[in-house]
Every structure is written in C-alpha cells, then in structure tokens.
Amino acid sequence: MAVITPRTPPGTMELLPRQQIAFQRMLDTIRRGYERFGFVPIETPAFELADVLLSKSGGETEKQVYFVQSTGALANDKRPDLALRFDLTVPLARYVSEHQNDLVFPFRRYQMQRVYRGERAQKGRYREFYQCDIDVIGRDGLPLLYDAEMPAVIDTIFSELGVGGFKIELNNRKILLGFLMSLGVDSPERRAAVMRELDKRDKLGDDEKVVANLVGGDDTQLSVTDARALLTLVSATGSSAAVLALLDAQPVEEPTFRQGVAELREVAAALHAFGIPEERWRLNLAIARGLDYYTGTVYETFLDGRREYGSVCSGGRYDDLASQYTTSRLPGVGISIGATRLFYVLQQTGLVAEGASTVEVLVTQLDAALMPAYLALAAELRGAGINTEIHADAAKLGKQFKYADKAGIGVAVVVGPDEQAAGVVTVKFLTAGQQVQVPRAEVAAAIRRGPTAG
RNA sequence: GUGAGUGUAGCUCAGUUGGUUAGAGCGUCGGUUUGUGGCACCGAAGGUCGGGGGUUCAAAACCCCUCACUCACCCCA
C-alpha cells in the first residue's frame, strides 16, 4: 500500500515537545501579565454560526473565512451554516451582547485561542494562529485611561518575555480622518482607502511611492498637494511632546482632528503616568490600521530590527463594538498579541531557547530487581512536587543518560546495588555535569537545591 | 484569487559542456565489552533526483505539461 506523505497543511505551526514547552511558557507569561492587570478569562467556540459571525464583515474578511459543514449536510448541498472565527473581537462582540445582563461593566476579558484565516501562508503569516486578546468593554462610555492601559500591559508582558527591544507605536485615527475631512475628502470609503495606502508606507519605505499611490489610486484620488501634505504630517518624528506640538501647530480647524489630538495628548500623558519609558513607545501618525471599526486610539508593536515580520501586537479603540448584535452602545478598547507570529519571529532571531523539558528528573534503571525501589523513589519525588519519569528499560546507563540529555531532562538519579545497600542515591545534574551522593531521605531536597555553584 | 521563483537523503546543499553503481556535511540508529551523556573514532540505514510526457545512443541536467512549496500582491497577528 502506498503511504501518504505525512505533512501539515501550509500555514500551520506544529512544534516538537521542547519547542512546545517554550511556546507554552510564553503563553503562561502572557496569561500572567493579563491577570496581573485585572483581566478575567473567557473562551468562545472555534466556530460560530455563519450568519452571526459574518453579520458585519465586508467582502474582504468574508473571503478569508473558512466555512464548516458536516459531510452529511454537504451531500445535501446545504450552504455551510458554521464558520471558523477569524479573530477574537467579533466573537467577543457576540459574547458581550448575548450575556450583557450577566456581565459586569467595564467588562475586562482576556482570551487566548486560535483563529483561522484562509489566506496564502507567508513568512510569519499563518492560516491558523494564536491570538491573545485583552479588551475592556464599557456600557455607553469608557474612560480614555483604558487606552493607555493597553500599552502598559503590553510593555509589562514584552519586558517579561525577554524579546529584546520593542516599540509600541500609537496614533489616533481621528487625527487622520479629521485631516482628510479638512482636505475635503468627504466620503468614508475614500478616507478608508487612504488609510489603507498609508498603512503601507512602512513597507514601501518611500514616501514618494505612497504619494503616487494616493494620487493615482481609483479609491483615493488625492491631489498631489494634499497627498504631500498628508505624508509630511504623518512622517513627524521625535518625542511625544514634539509630535503633539507639531499637531497643535497644524492650521486645521476640523473638530474631529482637534479631538483626536486632544485624545492622543491625554493618552500620552497617561502613558507617562503608567511609568512606561519613552524608549519603548512613540507616537507614529502613520499608523492607520486597515480595519475600519477602529475609531480612536490605534496601536502596533514591532520588535526592534524585525519590522519585516509585521506587527506582533496591535489593536485600538472602537466606539461601538456590537451594533450588529444589540442596541446597547458598547464602546471598547483592546489589543491582541499574535502569539504564533511572535514565537516564529523569536525562533528566527534565536531569542527563544529550546528550554528544559517539563520532566525534571529521570529515575534510571540499573538493576531490574530494584524496580520496587525505583517506583517508590519516583512516587516520593512526585509527592514532593517534582516531575519524574522512570526509565522502564534496563538499558546501559550511558544510553539512559543520553536519553535524558536529548529529552532535556536536567537531572538523573541512579540507584544500584551499592547505593541501595548504603541507603544513598546518586543524583546527577546533566547540564552542570555534576554528581553527588545524598542520603535517601534527602533526595528531593538535593534536587531542589540543584548543582552547587562553582 | 493574481504574479514571480524554487523542487536532488529527515535538514542544508554538491553534482563539470547531458556520459558508468547520484555524493558531502549535519541529523538518525548501532558499535568502541564490566555502573556515567555531551567529545572522538568506526559502521549502518536512508534517494522511483516532486510527478507525467518528450528530445537523445544516453537526462538529476534540455523542452512541454502538471503538482507542491516559497516569496510578493490583497489583507492582516
């Protein structure tokens, strides 16, 4: 029989145990950070009813949605009535609308699950990937302080993850929208198109190309003067104070613009109050975000020197999360860490160490007759909270050590007839290459203590 | 969905202007005897050269088709 080449579908990430452990540690850190800032967990199903999921999305997102259908229904030519979620924000909107009478507001939830997008896989772009979201949803209103809390959380987590340098960049969409309104760009569609072009500025790396696209684009149709003015505004650099001063000096009366500047100023002040050093965040007026449900503050986070892999964390504020599900007005602000991409980038950068196994100790087998002693020893270690595995094969000791080493198990314990007679246990610390004999009763303590320094 | 590029061992790649049984490094497995891993040495397994067709005395190499993957576009974590 011909074997089928085993392979994962493109755009999925599958890991070996030691990598998986490293990935899990990363998720643990993110979870801890979220909980420390007072967010509570929820999960939602991987698939939603198609009409619910797609109630708001335009054509673009719908093209990327995977539909789900049982084969039975498929045989009957039924249109799939289930679809896999493509982000966690839409399910959140559904969740909050559905349970609004049982939730407390502001509702602060975190959610770490996989999402699915039917697009061509690419470097750092997956079709199945983890998003780790936090959002704060208010009823009717939501203080701007929360907009500053998002970067504070991200700063804490990314610092703890040890990902090296990173920069949280933020902007307020009202500034761009107001600026465009002041230029007489009245149609929301045209403004959205301009935003999308603007988002590519980073990738194109040449403002003149952006100008050309803005002028030449069917959907944008800016004049050369206006496009240049926009690019000049957007390329403002320097401290947050400098950028805000530059915004103040703009001869733009448009109230939306002014409100955006005021909001951005308040958020920047709050960021200082949160104590986030300005090396790790900056105002970047070119951050536009394609998704049009964002209405105010927007964020993108990049790892230093790894911009080409894209944003590893982004989000923003939206005035009304769930207008398609409820008449309640539910404003919110949220941010999402792309954990799969983040992990991939860290791997590429060599920043993710293939860590130790979750198994802490291997009880080796020297003499099959001593198996009862091995089992008792292992049970004792487990009782002391130490993850312990028993080598069930009486292979040569060297082989058993090799096994432990390859599996990333840091400690091996050896009990042979000699030890058994003397009432001691040999504890070998593989990574340190150090070996000690301790009385049987002190094994767990010795393992906890680890190899002696020096 | 559109465009471009690449397909030789598990991985990274060699393979002369087409010319015998297609190679290396790494990895894997085994060995170097008595209770000690990493290092070294020895050995082994592993390839219908992505698939199909064509040109030729002869194709991994040249041509056509096809498939897969990668990169880019769109969009986005």
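Sequence lines set the chain letters: A, B, ... in the order given, protein chains first and strands last, and positions in each chain run from 1.
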Report summary line: Taking G37(B), U36(B), A72(B) as options, the one with an atom nearest any side-chain atom of Thr426(A) is U36(B)
Query - base_contact_polar (U36(B) base, Gln435(A) side chain, donor-acceptor, <3.5 Å) - result: yes
Requested in this report: Please state how far atom CD in Gln400(A) lies from atom C1' in G38(B), giving the value in whole angstrom units.
Outcome: 17 Å
Query raised in the report: In whole angstrom, what separates Tyr66(A)'s OH from C76(B)'s C1'?
Result: 14 Å
Report summary line: From CD of Glu128(A) across to C1' of C76(B) the rounded distance in Å is 16 Å
Query raised in the report: Could Glu380(A) and Arg440(A) be called an ion pair, given the rule that one side-chain N must be under 4.0 Å from one carboxylate O?
Result: yes
Report summary line: Taken to the nearest whole Å, NZ/Lys396(A) to P/U33(B) is 7 Å
Requested in this report: Could you check whether Glu419(A) gets within reach of a base, just the sugar-phosphate, or nothing at all, counting any heavy atom under 4.0 Å?
Outcome: base
Requested in this report: Answer yes or no for this row: Tyr403(A) ring on G37(B) base, centroids under 5.5 Å, planes under 30°.
Outcome: no
Query raised in the report: Do the side-chain N and O atoms of Glu35(A) and Tyr110(A) include a donor-acceptor pair separated by under 3.5 angstrom?
Result: yes
Query raised in the report: If the C1' atom of C74(B) is compared with that of C29(B), how far apart are they to the nearest Å?
Result: 48 Å
Query raised in the report: Over how many whole Å does the gap from Lys123(A) atom NZ to C69(B) atom P extend?
Result: 19 Å
Query - Distance-only polar pair, side chains of Gln434(A) and Thr452(A), donor-acceptor under 3.5 Å - result: yes
Report task. From the options C75(B), G1(B), C76(B), select the nucleotide whose nearest atom is closest to the side chain of Arg341(A). Result -> C76(B)
Query raised in the report: What distance, rounded to whole Å, do you find between the two P atoms, one in U20(B) and one in U55(B)?
Result: 22 Å
Query raised in the report: What's the shortest heavy-atom distance between Thr220(A) and Arg190(A), and which atoms?
Result: O-NE, 2.9 Å
Query raised in the report: Which whole-number value in Å describes the distance from Gln64(A) CD to C73(B) P?
Result: 14 Å
Requested in this report: Identify whether any heavy atom of Tyr130(A) sits under 4.0 Å from a base atom; if not, whether one sits that close to sugar-phosphate; answer base, sugar-phosphate or nothing.
Outcome: nothing
Query raised in the report: Any salt bridge between Glu263(A) and Arg317(A), counting N to O under 4.0 Å?
Result: no
Requested in this report: Hey, which sits more toward the 5' end of RNA chain B by its nearest nucleotide, Arg120(A) or Phe401(A)?
Outcome: Arg120(A)
Query raised in the report: Counting side-chain heavy atoms from C-beta on, which of U36(B), C75(B), G38(B) comes nearest to Asp405(A)?
Result: G38(B)
**Report entry** Among G30(B), C69(B), G37(B), the nucleotide that comes nearest once only the side chain of Lys399(A) is considered
**Finding:** G30(B)
Requested in this report: Would you mind classifying the nucleic acid contact of Cys132(A) as base, sugar-phosphate or nothing, using non-hydrogen atoms under 4.0 angstrom?
Outcome: nothing
Report summary line: Separation of C76(B) atom P from Gln122(A) atom CD, nearest Å, is 14 Å
Report task. Name the nucleic acid region contacted by Gly398(A), choosing base, sugar-phosphate or nothing; use a 4.0 angstrom heavy-atom cut-off, strictly under. Result -> sugar-phosphate
Query raised in the report: From the list G35(B), C76(B), U28(B), which nucleotide is the closest neighbour of the side chain of Lys406(A)?
Result: U28(B)
**Report entry** Dot-bracket encoding of pairs in RNA chain B, which uses [ ] for pseudoknotted crossings and | for another strand, Watson-Crick or G-U under 3.5 angstrom
**Finding:** (((((((..((((.....[...)))).(((((.......))))).....(((((..]....))))))))))))....
Query raised in the report: In terms of ring plane angle, is the pair His391(A) and Tyr403(A) parallel, tilted or perpendicular, where the classes change at 30° and 60°?
Result: perpendicular
Query - Nearest-Å distance once atom P is located in both U66(B) and U2(B) - result: 13 Å
**Report entry** Span that lies between the P atom of G27(B) and that of A40(B), in whole angstrom
**Finding:** 9 Å
**Report entry** Selection from G1(B), C75(B), G35(B) that lies nearest to any side-chain heavy atom of Arg125(A)
**Finding:** C75(B)
Query raised in the report: Which part of the nucleic acid does Val115(A) contact within heavy-atom distance under 4.0 Å: base, sugar-phosphate only, or nothing?
Result: nothing
Query raised in the report: Given the P atoms of C13(B) and G50(B), what is the spacing between them in whole Å?
Result: 15 Å
Query raised in the report: Taking 4.0 angstrom as the limit, do Glu48(A) and Arg94(A) come out as a salt bridge?
Result: yes
Report task. Could you give the distance separating G30(B) and C49(B) at their C1' atoms, to the nearest angstrom? Result -> 28 Å
Query raised in the report: Out of C75(B), C69(B), A77(B), which nucleotide sits closest to the side chain of Pro10(A)?
Result: C69(B)
Query raised in the report: Of all the choices, C73(B), G35(B), A77(B), which nucleotide is nearest to the side chain of Arg117(A) once you look at every atom?
Result: A77(B)
Requested in this report: Give a yes or no on whether the backbone of Ala288(A) and the side-chain of Asp199(A) come within a donor-acceptor separation of less than 3.5 Å.
Outcome: yes
Requested in this report: Using modelled atom types only, decide if a donor and an acceptor are shared between the side chain of Thr89(A) and the backbone of Asp87(A) within a distance under 3.5 Å.
Outcome: no
Report summary line: Closest to the 5' end of RNA chain B, once Ala121(A) and Ala432(A) are matched to their nearest nucleotides, is Ala432(A)
**Report entry** C1'-based separation of G46(B) from U34(B) [nearest Å]
**Finding:** 34 Å
Query raised in the report: Asp367(A) has an atom CG; how far is it from atom C1' of U36(B), in whole Å?
Result: 16 Å
Query raised in the report: Any side-chain N or O of Lys203(A) less than 4.0 Å from the OP1 or OP2 oxygen of C73(B)?
Result: yes
Query raised in the report: So, does the side chain of Glu119(A) form a donor-acceptor pair with the base of A77(B) at under 3.5 Å?
Result: yes
Query raised in the report: Any donor-acceptor pair under 3.5 Å linking the side chain of Asn171(A) with the backbone of Val298(A)?
Result: no
Query raised in the report: Roughly how far apart, to the nearest Å, are A9(B) and G5(B) at atom P?
Result: 23 Å
Query raised in the report: Would you say A77(B) has OP1 or OP2 under 4.0 Å from some side-chain N or O of Ser311(A)?
Result: no
